[in-house]
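Structure first, commentary second.
Everything numeric here is computed off the predicted structure, so don't read it as measured data.
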Amino acid sequence: MAISVVDPAARTVTRDGAPLDVTGREAAVLEHLLRHKGTVVSKSELLHHCWDASRDGDPAVVEVVVHRLRRKIETLEAPAVIETVRGKGYVIRSEES
């Protein structure tokens, strides 16, 4: 199952070549996780990189966006695209993991 952010400027996301209907924020979070594939990314890092500086940093907003994103990109064939690492953040595992 291949997930990619095809056009970061337009926030276009595909899964196995099929376009997904995601928001700009969801695409930004997915893009950041994909850029750091195999590495745990904290909620505070996602807030820093995916929200503007004027936004008050509430980690709950990251949880909501990741939850919505999971519902859109995960399937029965590949349910754990974005994994939660309890107390640390989120990770997209590399194929070798």
Side-chain angles (χ1 to χ4, degrees):
M1 300 289 154
I3 296 175
S4 63
V5 178
V6 175
D7 183 352
R11 305 289 192 200
T12 305
V13 176
T14 64
R15 173 141 197 184
D16 296 330
L20 298 176
D21 184 23
V22 298
T23 66
R25 185 76 64 219
E26 291 164 349
V29 168
L30 181 59
E31 179 182 10
H32 193 77
L33 290 170
L34 286 169
R35 286 180 189 255
H36 297 87
K37 194 174 202 175
T39 303
V40 177
V41 179
S42 70
K43 292 176 194 174
S44 61
E45 181 178 340
L46 287 169
L47 278 169
H48 177 75
H49 289 281
C50 302
W51 276 262
D52 61 36
S54 65
R55 175 123 177 120
D56 189 18
D58 183 0
V61 74
V62 175
E63 293 171 12
V64 170
V65 169
V66 169
H67 175 75
R68 287 191 330 232
L69 190 53
R70 281 178 170 151
R71 286 192 350 224
K72 293 178 180 182
I73 66 172
E74 295 181 356
T75 66
L76 293 176
E77 295 82 29
V81 174
I82 301 171
E83 295 181 21
T84 299
V85 179
R86 193 172 194 126
K88 297 188 189 265
Y90 302 99
V91 64
I92 294 179
R93 300 278 182 209
S94 61
E95 284 76 26
E96 299 84 43
S97 297

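Distance check: His32 NE2 to Glu45 CD gives 3.5 Å after rounding to the nearest 0.5 Å. Separation of atoms NE2 (His49) and CD (Glu31) is listed at 11.5 Å; rounding is to 0.5 Å. Atom OG1 of Thr39 sits about 13.0 Å away from atom NZ of Lys88, to the nearest 0.5 Å. In this structure, CG on Asp58 lies 9.5 Å from NZ on Lys43, to the nearest 0.5 angstrom.
Under the 4.5 Å side-chain heavy-atom criterion for grouping Ile, Leu, Val, Met, Phe, Trp and Tyr, Val22 is not connected to Val64 through any hydrophobic cluster. Note: the hydrophobic cluster containing Trp51 also contains Leu34 (ILVMFWY, side chain heavy atoms under 4.5 Å, direct or indirect links).
For the pair Val81/Leu69, no side-chain contact is recorded, criterion being any heavy-atom separation below 4.5 Å from C-beta on. Two residues are said to be in side-chain contact when any heavy atoms from C-beta on lie closer than 4.5 Å; Glu26 and Thr23 meet this criterion. A heavy-atom distance below 4.5 Å is found between the side chains of Leu33 and Tyr90. The closest side-chain heavy-atom distance from Thr14 to Leu20 is not below 4.5 Å. Inter-residue side-chain proximity for Ile82 and Val66 is flagged as met; some heavy-atom pair is nearer than 4.5 Å.
Of the possible donor and acceptor atoms, none in the side chain of Arg25 sits under 3.5 Å from a partner among the backbone N and O of Val65. Looking at Glu83, its side chain never comes within 3.5 Å of a backbone N or O of Val91 through a donor-acceptor pair. A donor-acceptor pair is defined here as one N or O able to donate and one able to accept, closer than 3.5 Å; such a pair exists between the side chain of Lys72 and the backbone of Asp21. Remark: the backbone N or O of Arg71 is not paired with any side-chain donor or acceptor of Glu74 at under 3.5 angstrom.
Between Thr84 and Arg70, the shortest heavy-atom contact is OG1-NH2, 2.6 Å. When all heavy atoms of His36 and Val41 are compared, the closest pair comes out as CB-CG2, 3.8 Å. Heavy atoms only, all atoms of each residue included: Cys50 and Ala28 are closest at SG-O, 3.5 Å.
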CA sep, side-chain torsions, deciding dist, call: Val62, Leu47, side-chain contact (heavy atoms from CB on, under 4.5 Å): CA-CA 7 Å; Val62 175; Leu47 278 169; 3.5 Å; yes
